[in-house]
Amino acid sequence: MLKHPVTKLEALFTIIDRRFENTLLNVYENSDIPVLLVTRGKGTAKSIVYELFGYDEKKTVAMSIQTKNMTKHILKQISDRIDFSKPTGIAFTINISSISNALYKLCIEAEENFKMGSEEMSLTPKEPYHLIVAIVNSGFMDQVMSAAKKAGANGGTVVHARGLGSKEAVKYLGITIEPEKELVLILTTKDKKLAIMESIKHEVGLNTEGTGICFSLPVDSAIGMKIEED
């Protein structure tokens, strides 16, 4: 893994209502992004208002890697097609500190081969948010969100996964690694981060049936955060 300080790369995460999935994928396809992962998840925020206006708890989660310039272009294309002023989704970026040389060159070539528009997105100030990632045994998502909301979180997105724990975890931590996992993604303001993580740790930590772990990542920029602040 090599560091590349000259041209910065970012990981862009987009979480939107599933009815906009084709719209999102069309943007990525037209932009010729070198690295794109797409999966499906489920929103955890419950609201009568959401139901009345038809907002979907089924989510599409996308993660791409590209240069900062390409990120701005993609976000502009997405926001032109999806109204982020409504609770339809969020998008945020995390800086990449190191990456393989081959992937770095691929991202640079992708930017050089693509004509950028002159318009740029107006993003939130640098690092006002953090992404909290909680990994728990399957079936404990509700406990995670209950603990998080007690500490000020408004909602999150859950993605199903499969754990491949090592024997060392059993030996040193005394826990059994359950294969079915749930990843709960919570985007929150910096001042709420520690309280939310402590609450999750207390309710669904390693010493509970959920055997959860929790960590956070600083977010560089974000759009669609109005629903998180309400």
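Values in this document were obtained by computation on a predicted structure and should not be read as measured data.
The closest side-chain donor-acceptor pair between Ser138 and Glu180, if any, does not fall under 3.5 angstrom. Side-chain N/O atoms of Asn69 and Thr67 include no donor and acceptor closer than 3.5 Å. Between Thr71 and Thr93, the side chains place no donor N or O within less than 3.5 Å of an acceptor N or O (distance only, hydrogens not considered).
At least one side-chain heavy atom of Val35 sits under 4.5 Å from a side-chain heavy atom of Leu103. Inter-residue side-chain proximity for Ile16 and Lys59 is flagged as unmet; no heavy-atom pair is nearer than 4.5 Å. Put simply, the side chain of Phe13 does not reach to within 4.5 Å of the side chain of Leu187, judged on heavy atoms. In this structure the side chain of Phe92 never reaches within 4.5 angstrom of the side chain of Leu12, judged on heavy atoms. A heavy-atom distance below 4.5 Å is found between the side chains of Ile200 and Ile186. Between Arg40 and Arg18, the closest side-chain pair of non-hydrogen atoms falls below 4.5 Å. The shortest side-chain heavy-atom distance between Lys68 and Asn95 falls under the 4.5 Å cut-off. Between Thr23 and Ile82 the shortest side-chain heavy-atom distance falls below 4.5 Å.
Atom-to-atom distance recorded for Met141:CE and His160:NE2 is 7.0 Å, nearest 0.5 angstrom. For the atom pair OG of Ser64 and CD1 of Ile74, the computed distance is 5.0 Å after rounding to the nearest 0.5 Å. Note that NE2 of His130 is 9.5 Å distant from CG of Asp191, once rounded to the nearest 0.5 Å. Distance check: Ile78 CD1 to His73 NE2 gives 9.5 Å after rounding to the nearest 0.5 Å. A distance of 9.5 Å separates CD1 in Ile94 from CE in Met63, rounded to the nearest 0.5 Å. Remark: Asn22 CG to Glu29 CD distance equals 9.0 Å, nearest 0.5 Å.
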**OP:** Using the side-chain contact (heavy atoms from CB on, under 4.5 Å) rule, take Lys181 and Thr211 through it: C-alpha gap first, then chi angles, then the decisive distance, then the call.
**Re:** CA-CA 10 Å; Lys181 297 291 183 181; Thr211 59; 4.2 Å; yes
**OP:** Could you go through the side-chain contact (heavy atoms from CB on, under 4.5 Å) check for Leu185 and Ile15 one step at a time?
**Re:** CA-CA 10 Å; Leu185 310 177; Ile15 303 174; 4.3 Å; yes
**OP:** With side-chain contact (heavy atoms from CB on, under 4.5 Å) as the test, would you mind laying out the steps for Val158 and Leu183 before giving the verdict?
**Re:** CA-CA 5 Å; Val158 59; Leu183 276 69; over 6 Å; no
**OP:** Verify side-chain contact (heavy atoms from CB on, under 4.5 Å) between Thr60 and Phe20, making sure each step is shown before the conclusion.
**Re:** CA-CA 8 Å; Thr60 293; Phe20 296 113; over 6 Å; no
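Linking ILVMFWY residues whenever their side-chain heavy atoms come closer than 4.5 Å, directly or via other members, leaves Tyr129 and Leu194 in distinct clusters.
Of all the heavy atoms in Ala153 and Ile196, the pair that sits closest is CB-CD1, 3.7 Å. A pairwise comparison of heavy atoms in Ser199 and Ala148 identifies OG-N, 4.4 Å as the closest pair. Across all their heavy atoms, Ile132 and Cys214 have their closest contact at CG2-SG, 3.5 Å. Looking at every heavy atom in both residues, Ser216 comes nearest to Lys193 through OG-CD, 3.4 Å. Closest of all the heavy-atom pairs between Val204 and Gly210 is CG1-CA, 3.8 Å. The two atoms that bring Val219 and Ser221 nearest to each other are CG1-O, 3.3 Å, heavy atoms only.
Evaluation of the side chain to side chain contact (heavy atoms under 4.5 Å, CB included) rule for Glu203 yields Ala147, Lys150 as partners, not counting sequence neighbours. By the side chain to side chain contact (heavy atoms under 4.5 Å, CB included) test, Asp142 pairs with no residue at all, sequence neighbours left out.
A salt bridge between Lys58 and Asp17 is absent, with no side-chain N of the basic residue lying under 4.0 Å from a carboxylate O of the acidic one.
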